[in-house]
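Shown next, in structure tokens, is the structure this report addresses.
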Amino acid sequence: MKPNTRSLILNLLLAKEGESLSARDAISSCALFGIRENSVRVTLVRLTSTGLIEAAGRGAYRLGPKATGLAAEVVTWRTAEQQVCAWNDDWIVVSVGALGRSDRVALRARDRALDMLGLRELERGLFVRPNNLRGGVTAVRERLYKLGLEKDAAVFVAHEFDALREQRARALWNGKQLSRNYDDMRTRLEEWLAHARELEPDVAARESFLLGNEAIRQLVFDPLLPAPLVDTKARRAFAETVRQFDRAGHVIWQQLQQPAISN
């Protein structure tokens, strides 16, 4: 599947983890997906004008101020399992009922922040998740604000829901489906790695990017639920496989981008 030029460039920069990306490398990388040079240059200009990327020297770019908060959250996928702690059956709650809904930009940022932190709507304007992330409600509150949640939103801990709300809260996520997704994606990654050496370098680079991006996105938006809401062993195995796949993908891309050395 041909990726969107904007998303591809941003993902390439995210993979750089703070390092700059030259326009030349962006063009050659996008060419692997059938994206023309003119489209890449136009997209670089547009991303710069919005503040999502910025110049980092002549003909080079890095993530801009409007993308740094999201970038910092995205890279936490590498340490997903280190973010969780024991769950004492209490809940982190975010109340957004008093916030406006007319500003579409603010609404998109709000929804993305809630989604990335695994919060689901229990009642109108009231979002919850298990309180099992390290740092507790203070850390979650700060992460939500950095991702764009309005600071007027109330973020707090709730204990002892009534029996009906407790049951409804625990059913907000399909834990069985999440667990199956861990196993399914882990199998896909392992099978690809087993045959990666048989692929041409450009094919391996293209496929590793697309499949790796899909797996990383799954981890970035994973709610990191505690047991017994989800199979945490399956999640840990999946996360470890994603890290292995990512390391292999970096090697493939580095080898592809290295200039040929004549004997």
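Residue numbers run from 1 in the order of the sequence given.
- The pair Arg180-Asp231 does not meet the salt-bridge criterion, since no charged nitrogen lies less than 4.0 angstrom from a carboxylate oxygen.
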Please report the C-alpha distance between Ser29 and Phe209 in whole Å, then the side-chain angles of each, then the deciding distance to 0.1 Å, and finally whether the side chain to side chain contact (heavy atoms under 4.5 Å, CB included) criterion is met. CA-CA 10 Å; Ser29 297; Phe209 183 90; over 6 Å; no
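- Counting non-hydrogen atoms of other residues, nucleotides and ligands closer than 6.0 Å to CZ of Arg120 gives a total above 12.
- The nearest pair of heavy atoms linking Val203 to Leu199 is CG1-CD2, 4.3 Å.
- In this structure, Leu44 CG and Cys30 SG are separated by 8.0 Å, a value rounded to the nearest 0.5 Å.
- Atom CD of Glu200 sits in a sparse spot, with 12 or fewer heavy atoms from other residues, nucleotides or ligands closer than 6.0 Å.
- In this structure, Ser20 OG and Arg62 CZ are separated by 8.0 Å, a value rounded to the nearest 0.5 Å.
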Stepwise, does the side chain to side chain contact (heavy atoms under 4.5 Å, CB included) test hold for Ile216 with Phe245? CA-CA 10 Å; Ile216 289 172; Phe245 190 94; over 6 Å; no
Apply the test side chain to side chain contact (heavy atoms under 4.5 Å, CB included) to residues Met185 and Glu214: give CA-CA distance (whole Å), side-chain angles for both, the deciding distance (0.1 Å), then the verdict. CA-CA 9 Å; Met185 180 56 79; Glu214 184 180 350; 3.5 Å; yes
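- Here the shortest heavy-atom pairing between Gly136 and Asn131 reads CA-OD1, 3.9 Å.
- The environment of Arg236 atom CZ is dense: over 12 non-hydrogen atoms of other residues, nucleotides or ligands sit within 6.0 angstrom.
- Residue pairs satisfying the ring-ring contact (aromatic ring centres under 6.0 Å, His included) criterion with at least one member in residues 216-239, sequence neighbours excluded, are listed as follows: Tyr182-Phe238.
- Partner Leu13 forms a side-chain contact (heavy atoms from CB on, under 4.5 Å) with one of Leu47, Leu63, Leu52, Leu8 and no other, that one being Leu63.
- No donor-acceptor pair under 3.5 Å is formed between the side chain of Trp173 and the backbone N or O of Leu229.
- Counting heavy atoms from C-beta outward, Ile9 and Thr5 have side chains that approach closer than 4.5 Å.
- More than 12 heavy atoms of other residues, nucleotides or ligands shown are found within 6.0 angstrom of CD on Glu198.
- Ion pair Glu142/Lys146 not flagged as a salt bridge, since none of the NZ, NE, NH1 or NH2 atoms sits closer than 4.0 Å to an Asp/Glu carboxylate oxygen.
- For Leu117 against Arg129, the heavy-atom pair with the smallest separation is O-NH1, 2.8 Å.
- No donor-acceptor pair closer than 3.5 Å links the side chain of Asp246 to the backbone N or O of Asn213.
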Could you go step by step and tell me if Gln218 and Trp77 meet the side chain to side chain donor-acceptor pair (under 3.5 Å) rule? CA-CA 9 Å; Gln218 185 175 327; Trp77 71 265; over 6 Å; no
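- Residues Glu240 and Arg186 are not paired through a salt bridge, judged by the lack of any N-O separation under 4.0 Å between the basic side chain and the carboxylate.
- For the pair Val84/Pro226, no side-chain contact is recorded, criterion being any heavy-atom separation below 4.5 Å from C-beta on.
- Salt-bridge annotation for Asp111 and Arg108: absent, with no side-chain N of the basic residue lying under 4.0 Å from a carboxylate O of the acidic one.
- Taking all atoms of both residues into account, the shortest heavy-atom contact from Tyr61 to Thr48 is CE2-OG1, 3.7 Å.
- Counting heavy atoms from C-beta outward, Arg235 and Val230 have side chains that approach closer than 4.5 Å.
- A distance of 11.5 Å separates OG in Ser95 from CG in Leu122, rounded to the nearest 0.5 Å.
- Note: the hydrophobic cluster containing Val128 also contains Val157 (ILVMFWY, side chain heavy atoms under 4.5 Å, direct or indirect links).
- Surrounding CZ of Arg112 are more than 12 heavy atoms belonging to other residues, nucleotides or ligands, all under 6.0 Å away.
- Heavy atoms only, all atoms of each residue included: Tyr145 and Ala153 are closest at OH-O, 3.3 Å.
- Side-chain contact between His159 and Asp89 is absent, with no heavy-atom pair separated by less than 4.5 Å.
- Ion pairing of Arg168 with Asp162 is absent here, as no side-chain N (NZ or NE/NH1/NH2) approaches a carboxylate O to less than 4.0 Å.
- Among all heavy-atom pairs drawn from Asp152 and Leu99, the shortest one is CB-CD2, 3.7 Å.
- Note on ring orientation: taking the six-membered ring where Trp is involved, the planes of Trp91 and Phe161 are parallel (angle under 30°, cut-offs 30° and 60°).
- Leu210 and Val220 fall within a single hydrophobic cluster, where Ile, Leu, Val, Met, Phe, Trp and Tyr are joined by side-chain heavy atoms under 4.5 Å apart, directly or via other members.
- In this structure a side-chain-to-backbone donor-acceptor pair under 3.5 Å is missing from Ser39 to Arg36.
- Under a hydrophobic clustering in which Ile, Leu, Val, Met, Phe, Trp and Tyr are joined whenever their side-chain heavy atoms come within less than 4.5 Å, directly or via other members, Val75 and Leu133 fall into different clusters.
- Within the 4.5 Å cutoff, the side chain of Val94 has heavy atoms near those of the Leu114 side chain.
- Inter-residue side-chain proximity for Glu121 and Leu126 is flagged as unmet; no heavy-atom pair is nearer than 4.5 Å.
- Cluster membership for Met116 and Leu178, using ILVMFWY side-chain heavy atoms within less than 4.5 angstrom, is shared.
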Steps toward side chain to side chain contact (heavy atoms under 4.5 Å, CB included) verdict (Leu107, Asp103): CA-CA 6 Å; Leu107 188 58; Asp103 187 334; over 6 Å; no
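- Leu211 and Leu256 fall within a single hydrophobic cluster, where Ile, Leu, Val, Met, Phe, Trp and Tyr side chains are chained together by heavy-atom contacts under 4.5 Å.
- Summarising the local packing, CZ of Arg24 is surrounded by 12 or fewer heavy atoms from other residues, nucleotides or ligands at distances under 6.0 Å.
- Note that the CD atom of Gln82 and the OG1 atom of Thr76 stand 11.0 Å from one another [nearest 0.5 Å].
- The structure places OG of Ser22 at 13.0 Å from CZ of Arg58, a figure rounded to the nearest 0.5 Å.
- Rounded to the nearest 0.5 angstrom, Arg197 CZ and Ile252 CD1 are separated by 10.0 Å.
- Remark: the backbone N or O of Asp90 is not paired with any side-chain donor or acceptor of Asn88 at under 3.5 angstrom.
- Using a 4.5 Å heavy-atom cutoff, the side chains of Glu54 and Pro65 are in contact.
- The shortest side-chain heavy-atom distance between Val96 and Arg110 falls under the 4.5 Å cut-off.
- Salt bridge present: Arg41 and Glu37 bring a charged side-chain N and a carboxylate O closer than 4.0 Å.
- Within a 6.0 Å radius of CZ in Arg243, more than 12 heavy atoms belonging to other residues, nucleotides or ligands are found.
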